[in-house]
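Working notes for the structure below.
Per chain, numbering begins at 1; letters A, B, ... match sequence-line order. Just so it is clear, the values below take in all heavy atoms, side chains as well, and ignore hydrogens, waters and symmetry mates.
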Protein chains: 2
Amino acid sequence: MKKKNVSAELVAKKANVSQSTVSRVFTPGKSVSEETKQKVLKVANELNYKPNALARGLITNKSKLIGLAMKNKQNPFYHEVLALFTQKLKQFGYSVLFVYTENEEIQQEEINQFIEFNVEAIIITDAVLSSDLVKKLKSSNIPVMLFNRYDETLNCNSVSSDNIFATRSVAEYFYNQGYKHNLYVSGQHNTSTNRDRLYGFRQYFSEKNKI
Amino acid sequence: MKKKNVSAELVAKKANVSQSTVSRVFTPGKSVSEETKQKVLKVANELNYKPNALARGLITNKSKLIGLAMKNKQNPFYHEVLALFTQKLKQFGYSVLFVYTENEEIQQEEINQFIEFNVEAIIITDAVLSSDLVKKLKSSNIPVMLFNRYDETLNCNSVSSDNIFATRSVAEYFYNQGYKHNLYVSGQHNTSTNRDRLYGFRQYFSEKNKI
DNA sequence: TTGTACGCGTTATCAG
DNA sequence: CTGATAACGCGTACAA
């Protein structure tokens with residue numbers, strides 16, 4: 001049994017138009033007469049035709065893929081983050097290439113998956129990237145975004161909450177309740193998130209104690 | 001600024017070999033002399049060349065992509081499942097195209113992402129697929145696997161635990177402890193998982209009570 | 001508005 | 001073992 005993929009070429013033949021016309025029908029914004037458009041869509045539907053994203057990505061050099069790397073498999077928060085990213089990106093016509101890292105640092109191997117599939121951008125959540133890899137990605141012109149983590153030395157985009165402000169608020173609350181000496185129990189030390197939280201907490205108390 | 005992708009062609013030129021030779025170097029099992037292999041690899045490394053998975057997938061008709069659909073963003077169990085699948089699949093050279101469904105049933109739109117990227121198989125976790133879509137996928141020759149859920153009417157592969165046995169064991173335990181009348185608190189009713197669990201629990205007690 | 005011809009980067013095929 | 005050439009399915013100048 002032969003697996004014959006339905007291509008734009010086949011649709012074109014059955015609809016008595018050229019392949020480029022079929023292509024235009026499936027590319028928003030291209031000018032096609034309403035009449036031929038309906039004719040093509042009808043045939044395409046019958047044949048269950050869908051444009052091949054691989055071929056499209058190859059010719060346009062836009063894969064419509066976003067690489068998403070994630071480390072933590074315990075923290076449920078990140079699962080929700082993944083879901084939200086995926087959902088939102090779909091609205092913009094992007095699909096998610098998911099990569100899971102066991103190690104603390106993302107490895108070359110994982111990044112290779114991204115590069116080979118020509119992802120248009122990379123989102124890194126809850127993991128670290130060596131400056132070496134960032135450099136390689138820069139030279140490949142692939143933007144990198146850090147989520148909930150940042151690193152001044154890497155200079156790439158990042159979005160995260162203001163953890164210093166957050167723990168300052170917590171500290172303030174305790175302080176006003178009359179607790180002057182508090183213990184801070186932290187998560188992993190090597191993340192900007194936890195460093196900031198500790199910093200904010202300490203900062204507030206040291207300021208108050210000076211007065 | 002022009003974004004020039006390093007292609008096998010470019011590597012070939014710099015290494016004084018044909019483009020097909022470069023291709024062979026990056027295809028395990030193809031015969032290339034050790035000498036030229038090293039020569040090519042050296043140039044490829046300098047140029048930071050990586051084969052383009054889109055082009056490869058196009059010609060081989062093997063995208064090396066597995067579609068993974070998931071619904072539940074609350075249950076941390078499924079996050080771990082995702083991580084494990086991703087990790088294991090990578091070992092076999094596959095990457096994961098992740099799709100998140102808000103709805104109970106997977107929609108045509110989500111399946112389209114899979115078809116367009118020519119995924120080689122689809123794994124569905126914690127969600128339902130209409131028999132209509134299954135039929136379409138069958139005709140596209142894309143295998144579907146259900147994880148932790150099954151459906152006799154759909155006849156596609158599935159892997160899940162023996163929930164009937166599991167709750168029978170629980171029931172047995174309670175019974176032997178002397179608790180003869182128990183309340184079963186269930187999850188969502190419309191899943192095979194919860195149906196089986198309830199069934200096993202009930203079954204055990206009704207058998208015992210007959211005696 | 002539509003068709004022709006070419007190219008994207010790769011693997012497959014066939015000669016040599 | 002190696003090279004030339006076709007094909008994969010699509011988008012896009014260019015011409016009509």
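Taking atom NZ of residue K64(A) and atom C1' of nucleotide dG9(D), one finds them 18 Å apart after rounding to whole Å. Separating the CG atom of L10(B) from the P atom of dG7(C) is a distance of 17 Å, rounded to the nearest angstrom. Following rounding to the nearest Å, L54(A) (CG) and dG9(C) (C1') show an atom-to-atom distance of 12 Å. Between the P atom of dT12(D) and the CG atom of L58(A) lies a distance of 13 Å, rounded to the nearest Å. The separation between N118(B) atom CG and dG9(D) atom C1' is 11 Å, rounded to whole Å. Rounded to whole Å, atom C1' of dA12(C) lies 13 Å from atom NZ of K62(B). Protein atom CG of N52(A) is 18 Å distant from nucleotide atom P of dC8(C), rounded to whole Å. For the pair K13(B) NZ and dT2(D) P, the computed distance is 20 Å after rounding to whole Å.
Between the side chains of N61(A) and N5(B), at least one donor-acceptor pair of N or O atoms lies under 3.5 Å. With hydrogens and angles left out, the side-chain atoms of E34(A) and Q38(A) include a donor and acceptor closer than 3.5 Å.
Comparing dG3(D), dC10(D), dG9(C) against the side chain of N5(B) picks out dG9(C) as the nearest. Closest to the T21(B) side chain, of the nucleotides dT11(C), dG9(D), dT2(D), is dT2(D). Comparing dC10(D), dT10(C), dG3(D) against the side chain of A8(B) picks out dT10(C) as the nearest. Comparing atom distances between the S23(A) side chain and each of dC8(C), dT12(D), dT10(C) picks out dT12(D) as nearest.
Each of N16(B) and I59(B) was assigned the nucleotide of DNA chain D with the nearest heavy atom; the assignment lying further toward the 5' end belongs to N16(B). For the pair T60(B) and Q19(A), both in contact range of DNA chain C, the more 5′-proximal nearest nucleotide belongs to Q19(A).
Within the 4.0 angstrom heavy-atom criterion, no nucleotide atom of any strand lies near K37(A). Contact annotation for F26(B): no contact, since no heavy-atom pair falls under 4.0 Å across all strands. Nucleic acid contact class of V17(B) (heavy atoms, under 4.0 Å, all strands): sugar-phosphate only.
Atoms OG and OH, on S7(A) and Y49(A) in that order, are 7.5 Å from each other to the nearest 0.5 Å. The CG atom of L54(A) lies 13.5 Å from the NZ atom of K64(B); values are rounded to the nearest 0.5 Å.
Salt bridge annotation for E110(A)-K90(B): present, with a cationic side-chain nitrogen under 4.0 angstrom from a carboxylate oxygen.
Checked against ring pair (Phe, Tyr, Trp, His ring centres under 6.0 Å), Y94(B) has no partners two or more places apart in sequence or in another chain. Contacts of S20(B) classified as side chain to side chain donor-acceptor pair (under 3.5 Å), with partners at least two apart in sequence or in another chain: S18(B).
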Look for any protein N or O under 3.5 Å of an N or O in nucleotides 14-16 of chain D and output each such pair with its distance, or none.
none

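Axis angle across the helix from dT1(C)-dA16(D) to dG16(C)-dC1(D), with five pairs used at each end and values rounded to 10°: 30°.
T27(B) places no side-chain N or O within donor-acceptor distance of the main-chain N or O of K30(B), the cut-off being under 3.5 Å. A donor-acceptor contact shorter than 3.5 Å links the side chain of S63(A) to the backbone of N118(A).
You'll find the side chain of L137(A) reaches within 4.5 Å of the side chain of I111(A), heavy atoms only. In this structure, the side chains of V144(A) and L146(A) come closer than 4.5 Å at one or more pairs of heavy atoms.
Each salt bridge (charged side-chain N to carboxylate O under 4.0 Å, His left out) pair with one or both residues in residues 43-63 of chain A, not counting sequence neighbours, appears once here: K42(A)-E46(A).
Within residues 27-36 of chain B, the residues approached by DNA chain D to less than 4.0 Å at the level of any non-hydrogen atom are S31(B), V32(B), S33(B), T36(B), in residue-number order.
Two rings, from F85(A) and F147(A), have their centers less than 6.0 Å apart.
Applying the 4.0 Å criterion to OP1 and OP2 of dG3(D), one finds that S20(B) has every side-chain N and O outside that range.
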